[in-house]
Amino acid sequence: MVMRLTHTLAPTLKETPAEAQIVSHRLMLRAGLVRQTAAGIYAWLPLGLRVLRNIERIVREEQDAIGAQEMLMPTIQSADLWRLSGRYEAYGPEMLRIRDRHDREMLYGPTNEEMITDLFRQSVKSYRELPQMLYHIQWKFRDEVRPRFGVMRGREFLMKDAYSFDLDYPGAVVSYRRMMLAYMRTFRRLGLKAIPMEAESGPIGGNLSHEFIILAPTGESQVWYDAAFERMDFSAAAISHESATDLERFFVDMTTHYAATDEKHDEASWARVADKREGRGIEVGHIFYFGTKYSAPLGLAVAGQDGAPTALHMGSYGIGVSRLVGALIEAFHDDAGILWPDAVAPFPAAILNLKVGDAACDRVCDDIYAKLAGNALYDDRGERAGVKFADADLMGHPWQIVVGPRGAAAGIVELKRRSTGERHELGIDAALARIG
RNA sequence: CGGGGCGUGGCGCAGCCUGGUAGCGCGCGUGUUUUGGGUACACGAGGCCGCCGGUUCGAGUCCGGCCGCCCCGACCA
């Protein structure tokens with residue numbers, strides 16, 4: 001589906017809405033990706049949705065690649081399950097509580113540990129069925145006291161959450177490392193530099209809790225890390241997610257170098273780092289092992305080899321999908337607008353018809369439009385060139401195919417790479433080949 | 001939840017102190033003009049001034065209550 005801008009809901013703004021403070025929020029509103037409908041709640045307009053879907057797709061592919069199974073759990077949950085784990089009381093006002101017409105207590109899920117544990121318990125009875133990993137990509141709601149930063153900290157947000165089930169601790173460790181690998185691959189494909197940083201592991205202890213921080217100059221927290229992370233290559237072929245040995249080597253690589261946020265930063269350890277790097281970061285993922293925290297109270301146990309019931313060791317793994325849209329913009333923008341990485345851009349290219357109505361321009365644009373089926377946003381508005389350039393830069397398409405009366409007659413277009421500003425005059429087919 | 005601020009055409013704002021029938025820029029429509037980085041001119045459409053109540057001959061403006069949104073802090077995928 002090629003979209004014609006004249007018939008697309010992509011309302012760009014010249015001025016910055018007063019409520020937006022940080023750059024990603026401003027640009028998301030100005031580029032017409034989202035609109036706020038209530039505090040911390042956003043409607044995703046066509047272009048914003050395409051970015052969200054692209055991120056989702058990459059996340060999904062990398063989850064599938066390590067053998068996680070996709071499912072979909074509901075947004076509305078019964079309070080009863082949460083009473084079993086004790087979290088109905090513990091969660092506090094951040095949980096959106098609802099009553100249905102029969103006065104039953106319900107809630108809009110902030111996460112799904114209880115539900116997945118209960119579902120798994122109903123059907124899995126033997127150690128022979130383990131291990132398993134399940135995930136879903138679903139909207140969550142946390143009634144933040146103070147939503148801010150646009151989709152970076154909304155109340156409603158799209159999250160990928162995965163859950164692992166293992167018979168014992170060593171098995172859970174393998175699952176944990178496997179997921180860490182999937183995360184590194186995911187963030188790299190999104191064009192981001194992500195660094196796993198040890199996080200609070202709660203009552204379980206150990207070092208099996210990591211936050212994934214991406215580097216962005218406008219990030220919300222200060223981070224300190226070893227430059228070794230910048231040199232690491234997590235190429236897909238190098239590590240097998242099925243080899244416990246590969247996974248251990250990978251895990252050691254990931255965790256021996258220093259990396260910390262404000263909360264965990266330690267000057268003594270920092271002093272021993274040879275090649276220091278400091279920067280700003282945004283948390284986009286979190287993985288942790290929590291043992292039998294939910295399996296025990298919810299009665300999730302299977303028959304082990306000896307026939308005796310064993311409570312399962314679980315872990316959960318989140319990626320903030322909608323937050324990533326904002327985080328990506330924080331990482332990739334300039335004064336003119338967004339610089340989408342190719343993998344997530346709403347469209348790889350925009351076609352700018354600088355003179356709608358000019359026979360040659362229209363003909364060349366129609367030709368490109370047909371050849372790019374599905375891969376371009378065609379600016380067919382009767383606007384001046386400057387307006388089109390400004391909007392294309394703002395929206396951040398990786399490539400701009402500029403069709404003006406000067407070159408169109410000769411079948412020449414100008415191809416502009418948004419990220420570098422490079423421009424080349426090329427024949428139509430040569431330009432299309434460059435875009436790939 | 002503590003502290004601060006703001007609600008006036010789609011967006012950004014003025015008007016409120018010192019009540020008198022709502023204004024500017026951008027955007028939108030029509031026409032002319034311009035034609036490779038947000039063109040210029042003319043005409044035009046569009047607002048129960050967040051809501052409810054009070055004071056007053058008269059309320060966007062004063063008083064009370066409510067709702068919504070934003071910022072700083074504590075908190076967080």
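Reminder, nothing fancy here: chain letters follow the sequence lines and each chain counts from 1.
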*Report, as a single string ordered 5' to 3', how protein heavy atoms within less than 4.0 Å touch nucleotides 70-77 of chain B: B base, S sugar-phosphate only, - not at all.*
SBBBBBBB
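- In this structure, A:E263 places its CD atom where only 12 or fewer heavy-atom neighbours from other residues, nucleotides or ligands lie under 6.0 Å away.
- Annotation: side chain to side chain donor-acceptor pair (under 3.5 Å) contacts involving residues 10-21 of chain A, sequence neighbours excluded, comprise A:T12-A:D391.
- Ring geometry for A:Y289 versus A:Y169: interplanar angle over 60°, hence perpendicular rather than tilted (30 to 60°).
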*Scan nucleotides 25-32 of chain B nucleotide by nucleotide, 5' to 3', and note B when protein non-hydrogen atoms come under 4.0 Å of the base, S if they reach only the sugar-phosphate, - if neither.*
BSSS----
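- Side chain A:R423 to base B:rG37: a donor-acceptor pair is found below 3.5 Å.
- For the pair A:R104 and A:D80, the salt-bridge criterion is not met [side-chain N within less than 4.0 Å of a carboxylate O].
- Partners of A:A39 according to the side-chain contact (heavy atoms from CB on, under 4.5 Å) rule, which considers only residues two or more places apart in sequence or in another chain, are A:P147, A:R155.
- Among residue pairs with one or both ends in residues 324-346 of chain A, those qualifying as side chain to side chain donor-acceptor pair (under 3.5 Å) are A:S24-A:E330, A:T218-A:E330, A:D334-A:R418, A:D342-A:R417; sequence neighbours excluded.
- In this structure, B:rC13 forms a base pair with B:rG23, meeting either the Watson-Crick or the G-U wobble geometry with both donor-acceptor distances under 3.5 Å.
- RNA chain B is contacted by no residue of residues 105-117 of chain A, taking any non-hydrogen atom closer than 4.0 Å.
- The closest donor-acceptor contact from the side chain of A:Y91 to the backbone of A:W82 lies at 3.5 Å or more, if one exists at all.
- Under the rule for a salt bridge (Lys or Arg N to Asp or Glu O under 4.0 Å), A:D64 has no partner lying at least two apart in sequence or in another chain.
- Contacts classified as salt bridge (Lys or Arg N to Asp or Glu O under 4.0 Å) and involving residues 25-40 of chain A (residues at least two apart or in different chains) are not found.
- For A:Q132, the side-chain contact (heavy atoms from CB on, under 4.5 Å) partners two or more places apart in sequence, or in a different chain, are A:Q69, A:F120, A:V124, A:E129.
- Listed by residue number, A:V402, A:G404 are the residues of residues 399-406 of chain A with a heavy-atom contact under 4.0 Å to RNA chain B.
- For A:H265, the ring-ring contact (aromatic ring centres under 6.0 Å, His included) criterion is met by A:W224, A:Y258, A:W270, not counting sequence neighbours.
- With a cut-off of 3.5 Å on both Watson-Crick or G-U wobble distances, the partner of B:rG68 is given as B:rC6.
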Listed pairs under 3.5 Å, donor-acceptor, residues 351-360 of chain A side chains, sequence neighbours left out:
unit_1 : atom_1 : unit_2 : atom_2 : d
A:N353 : OD1    : A:K355 : N      : 3.0
A:N353 : OD1    : A:V356 : N      : 3.4
A:N353 : ND2    : A:D362 : OD1    : 3.0
A:N353 : ND2    : A:Y378 : OH     : 3.1
A:D358 : OD2    : A:A360 : N      : 3.1
A:D358 : OD2    : A:C361 : N      : 2.9

